[in-house]
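The next block holds one structure in the form of structure tokens; read it before the comments.
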Amino acid sequence: MDTATTTCGATATPKDYSSALKPIWCPGCGDYGVLQALYRALAAIGRPPHEIAFISGIGCSSRIPGYTTAYGFNSVHGRALPIAQGVKLANPDLQVIVAGGDGDGFSIGGGHVAHAVRRNLDLTYLVMDNQVYGLTKGQLSPTSPKGLATVTSPLGSLEEPINPLLYTLAYGAGFVAQGTPAEMPGLTALIEQAIRYPGFAFVNIQSPCVTFGQEEQQMRAHKAHLRPLASLGHDPSDQLRALDLARSYGKELHTGVLYRNPNPPPTYDALVRERQRALAPEAKDRSRLLDVFLQK
Amino acid sequence: MNSLPCSPGVDFKKLSLMEALDLAVTVEEEARDRYVELADALSIAHTPEASEFFRKMARMEEKHRVALLTKRRASFGDRPSTVGRLQIFDIEAPDYDTVRVFMTVRQALEVALQSERKARAFFKAALAETTDLEARFLFAELVAEESDHEAYVLAELARQATDPWGDPPGDPADYSDEPVSQ
């Protein structure tokens, strides 16, 4: 089990990040545990709420910004990543955390993931993967297992699911991890490590849908079938082994850091700032900005 | 370091009485907050009876927390706590996945029973690890108190069984947990 890097002596407490708004998720939903782990990870890091921004799309898990005291934007379906990239570029000092579900991230928003990964902005992307569209009452989602019968696949799905771990690793994400609220200390530590990683960090959180999810995807099953990567002796700097382990998504519940780039490259936001500094001496006065475009 | 899985970073071998009291206060605080959280979720989800029972449990945990805090203040004054919420995970707090919409009071009692047993097992394990004599006495006391709480919940469960208006055991049959077309 990975442990959090900051515990004793932190001045922030999990309650500092909890808003007065009460979650309206179904009782028993995995997202309650994810939210608790998130509060704890933020307290361990200790940055004040006004230095953090949560950006989400649409879905049950996308309600997270409202439950924190940080800045938040519950945006449109599948567009959390482009908006988060804009927020980070406009204010690079903000700690930007993106939250959403598997449908939001890998169906309607699927095209954005590859670009967020390749740009490598310093963002933390938390996907609460429940393998179903829960908010809209149980339709097939991009990570639903093949054969799953839902209201939109009454005879069973004919499609192979998307593999979020392989997807992000294949595009070159510098930090890829998987956790579950069935193992809270580990999940808290993963979220903390993802936030601390200097670059695009992805955490796939197996967060069961208690109302429309399958029995084998519930927390009780998670507790019984957890396979912590640390217990397998996995070295998170081994990208090839990470790719190999990621292939077992949907069959094995591996938890922990699959891959962490030991030499993180400069982030896109850092490169943009560098270029801004380089161009600053020749920058035109703002009042004369139109001169660039208008011929005299 | 001798730490237990749900309390990473707490070294029981070196735990003093003050640290043991801080740990116990934090455990009760976490349990109180979780019961309130679960009660709120059930109340929003139109499950008022189980919600009310969890509020009662939250009051019980708060009473226990205050008693431990009073003992701590009497011996150690207002010295800052040595144990924080980042160091304990679901020791006495019920797991989030133990609750369901439309759960009965009997089912809520069973959740509380598991939590009290979980807490007793934790303090028992702590007792086995700790070497400080005063801290050991405290943990032995906590094991006994958690047993008392367990007895209270068991008595409530027995009362439910004899109450003609009580909830039947098992899953209530009057709701569907399968996807339904809307």
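In the text below, chain A, chain B and the rest are named by the order of the sequence lines, each starting its count at 1.
- Note that CE of A/Met184 and CD1 of B/Ile88 are 11.0 Å apart. Values are rounded to the nearest 0.5 Å.
- Few gaps surround NZ on A/Lys223; more than 12 heavy atoms of other groups in view lie less than 6.0 Å from it.
- Two residues are said to be in side-chain contact when any heavy atoms from C-beta on lie closer than 4.5 Å; B/Leu86 and A/Pro14 meet this criterion.
- For the atom pair CD of A/Gln36 and CG of B/Asp90, the computed distance is 8.0 Å after rounding to the nearest 0.5 Å.
- Counted within 6.0 Å of NZ on B/Lys124, heavy atoms from surrounding residues, nucleotides or ligands total 12 or fewer; the atom is thus considered open.
- The local environment of CZ in B/Phe76 is crowded, with over 12 non-hydrogen atoms from other residues, nucleotides or ligands closer than 6.0 Å.
- Side-chain contact between B/Val101 and A/Cys26: absent, with no pair of heavy atoms (C-beta onward) separated by less than 4.5 Å.
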Walk me through whether B/Asp95 and A/Met219 qualify under side-chain contact (heavy atoms from CB on, under 4.5 Å).
CA-CA 10 Å; B/Asp95 292 357; A/Met219 293 234 258; over 6 Å; no

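- Chosen from B/Leu38, B/Thr98, B/Asp33, the residue pairing most often with chain A at heavy-atom distances under 4.5 Å is B/Asp33.
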Going through the distances and angles, do A/Tyr39 and B/Arg85 end up as a side-chain contact (heavy atoms from CB on, under 4.5 Å)?
CA-CA 10 Å; A/Tyr39 292 150; B/Arg85 286 288 283 274; over 6 Å; no

Which is it for B/Asp97 and A/His222 under the side-chain contact (heavy atoms from CB on, under 4.5 Å) test, yes or no, and what are the steps along the way?
CA-CA 11 Å; B/Asp97 66 322; A/His222 285 189; over 6 Å; no

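- Nearest heavy atom pair, residue A/Pro27 against residue B/Ala41, reads CG-O, 3.8 Å.
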